[in-house]
Amino acid sequence: QVQLVEFGGGLVQAGGSLRLSCAASGRTFSRYAMGWFRQAPGKEREFVATISRSGAATYYADSVKGRFTISRDNAKNTVYLQMNSLKPEDTAVYYCAAADSDSASYSPRYLAEFGFWGQGTQVTVSS
């Protein structure tokens, strides 16, 4: 089991930046691939970014590619999402998720691949 808590959400103007953090506790953090998802009102939860156990492999949704960066610090049991050039359409609740894996390069992208979720943090981008 791993427990996840997100931090860093808030209100920002379009064009601004935010950095989300997700702190993990429980089992060894480095055995989990990590991801970020988001859910806007009335919409399904969607994939944002993923990072492998080692941090060597990352993958992004097309909508955030070039603007968002996922990273992790296994010594601090934390995964980050740096969000730049924010747009009003980025407004959503952002969720951190963990996927247990034996592969160091595994980079999951689908909801069903993640077994553990945080409670979410609200990001609101004003125009």
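Note that these values count all heavy atoms, side chains included, but never hydrogens, waters or copies made by symmetry. What you see is a predicted model; the values in this text were computed from it and never measured.
- For R72, the side chain to side chain donor-acceptor pair (under 3.5 Å) partners at least two apart in sequence or on another chain are N74.
- Of all heavy-atom pairs between L11 and S126, the closest is CD1-CB, 4.3 Å.
- Taking OG of S71 as the reference point, atom CD1 of I51 lies at 6.0 Å (rounded to 0.5 Å).
- In plain terms, the two heavy atoms of Y95 and G118 that are nearest each other are CD2-O, 3.7 Å.
- Between the E6 side chain and the C96 main chain, a donor and an acceptor come within less than 3.5 Å of each other.
- No side-chain heavy atom of M34 sits less than 4.5 Å from a side-chain heavy atom of F116.
- Residue E44 holds its CD atom at 9.0 Å from CG of L111, rounded to the nearest 0.5 Å.
- Across all non-hydrogen atoms, the minimal contact from Y32 to A98 is CD2-CB, 3.9 Å.
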* **Trace of the side-chain contact (heavy atoms from CB on, under 4.5 Å) decision for I70 with W36** => CA-CA 8 Å; I70 188 171; W36 287 95; 3.6 Å; yes
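- The minimum heavy-atom distance between Q122 and V93, with the atom names listed, is OE1-CG2, 3.2 Å.
- In this structure the side chain of Y60 never reaches within 4.5 angstrom of the side chain of V48, judged on heavy atoms.
- Nearest heavy-atom pair, R53 versus A33, reported as atom, atom and distance to 0.1 Å: CG-N, 3.8 Å.
- T121 places a side-chain N or O within donor-acceptor distance of the main-chain N or O of G9, the cut-off being under 3.5 Å.
- Side-chain contact annotation: S105 with S103, donor-acceptor N/O pair under 3.5 Å present.
- In this structure, S52 and Y106 have side chains that are not in contact, with every pair of non-hydrogen atoms separated by 4.5 Å or more.
- The aromatic rings of F114 and F37 sit perpendicular to each other, their planes meeting at more than 60°, with 30° as the lower class boundary.
- Between the side chain of T69 and the backbone N or O of Q82, no donor-acceptor pair lies under 3.5 Å.
- The shortest side-chain heavy-atom distance between L20 and V123 falls under the 4.5 Å cut-off.
- The two atoms that bring F29 and V79 nearest to each other are CZ-N, 4.0 Å, heavy atoms only.
- Taking 4.5 Å as the limit, some side-chain heavy atom of F7 sits within range of a side-chain heavy atom of V5.
- At least one side-chain heavy atom of R31 sits less than 4.5 Å from a side-chain heavy atom of D102.
- Between D90 and K87 there is no salt bridge, since no side-chain nitrogen of the basic residue lies less than 4.0 Å from a carboxylate oxygen of the acidic one.
- For the side chain to side chain donor-acceptor pair (under 3.5 Å) condition, the pairs that include at least one residue of residues 7-19, sequence neighbours left out, are S17-N84.
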* Under the side-chain hydrogen bond (donor to acceptor under 3.5 Å, both in side chains) rule, what do S30 and T28 come out as? Steps first, then yes or no, please. => CA-CA 6 Å; S30 60; T28 305; 5.6 Å; no
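- When the shell of 6.0 Å around NZ of K43 is examined, it contains 12 or fewer heavy atoms from other residues, nucleotides or ligands.
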* To do: Show the numbers, then the answer: is there a side-chain hydrogen bond (donor to acceptor under 3.5 Å, both in side chains) between T91 and E89?
  => CA-CA 5 Å; T91 295; E89 51 264 43; over 6 Å; no
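- Considering CG of L18 and CZ of F68, their distance stands at 9.0 Å, rounded to 0.5 Å.
- Between Y94 and M83 there is a side-chain heavy-atom pair separated by less than 4.5 Å.
- Note: R109 CZ to Y59 OH = 4.5 Å, rounded to the nearest 0.5 Å.
- Side-chain contact between E46 and R38: present, with at least one pair of heavy atoms (C-beta onward) separated by less than 4.5 Å.
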